[in-house]
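Data first, discussion second: the structure below is written as structure tokens.
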Amino acid sequence: MSESQTHQQQPLEAKSPFELRVSLGKDVPETEVRSALASGDMGFLHSFTTGSTVDRPGVRVVAWTAGCQWRCLYCHNPDTWNMSNGIPVSVAKAIEELHKYRHGLKVMSGGITVSGGEPLLQHRFVMKLLTAAKNIGVHTAIETNGNFGDRLTDEDLEKIDLVLLGMKMWDSERHRQLTGMDPGPSRALAERLAARKQPIWVRFVLVPGLTDDSDDIAKIADFAAQLGNVERVEVLPFHQLGKFKYKELKIQYELEDVQPPSQESADRAVEQFRAVGLNAC
Ligand code: SF4
């Protein structure tokens, strides 16, 4: 697709993923969306942040992709579910942006993280971006629910230095109730990365009454520990920062009245991961 087309003229400014963004790609015809997904020459980004230390290691440029097939009840970015809410960005433009930051990223031992939404929904675009990053010596990471891990070839995996893998729930039935999807593909990606000795950071969202069952957490911890490639586990306390988005988007929000977990409950979950030898925080 040509850079001169009007729907690609929107600037790729650094924005917070916590801002509500809607319909930024709505003018892109469906046929062009399909061809962009097939070629990877264009992607849809919800936002683009710089200087993030949350999506570590180091200081990161983070590209937040639009589009996710999961429907986690606790998702704080429901505006990323729909790809047409994202800004259409050519891969050339995204790489040009990345080049602006490359020296700083190297000096600060940082890199690029592609998060979402679900980045592997646009795996060809993401891999073109991460390959470009690797070619200029920038550390690469993706944050994924793992559902489309089988879209990545072994050659693709070589371009990804770190996978931040969301593990939501062990029990399959409850996982489906929580996310709408089966956990099998995520675990398959974890096992594939383990066989390749590629590092994973596990991200686990702790929601009172939903994901805080200690038996279920113990099973996730056992699975993660036996993989042998989990460098770190991050227990992320549920929060309500995305509540306003459900209201604005007129999407039913089932966790309206759920409070963040207590410090004691978060500490207990961290201890469960530590108890099986994992580095958890
Ligand atoms: S996988 Fe992530 S982006 Fe998708 S619904 Fe779940 S929390 Fe939201």
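Order of listing sets the numbers, starting from 1, for every ligand and every atom in it.
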Those residues at least two apart in sequence (or on a different chain) that pass ring pair (Phe, Tyr, Trp, His ring centres under 6.0 Å) with F148 are none
Residue list, ring pair (Phe, Tyr, Trp, His ring centres under 6.0 Å) with F204, at least two apart or on another chain: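 F273.
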Roughly how far, to the nearest 0.5 Å, is NZ of K159 from NZ of K134?
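So the NZ of K134 and the NZ of K159 are separated by 9.0 Å.
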> Is it true that E191 and R187 make a salt bridge, defined as a side-chain N closer than 4.0 Å to a carboxylate O?
Replying inline: no
Listed as residue and atom, the protein N/O/S atoms under 2.8 Å from atom 8 (Fe) of ligand 1 are C75 SG
Within the 6.0 Å centroid threshold, strictly below: W70 and H175:
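Yes: the rings meet the under 6.0 Å criterion.
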So the atoms of ligand 1 within less than 4.0 Å of a heavy atom of K168 turn out to be 1 (S), 6 (Fe), 7 (S)
Sorted by chain and residue number, the salt bridge (charged side-chain N to carboxylate O under 4.0 Å, His left out) partners of E254 (sequence neighbours excluded) come out as none
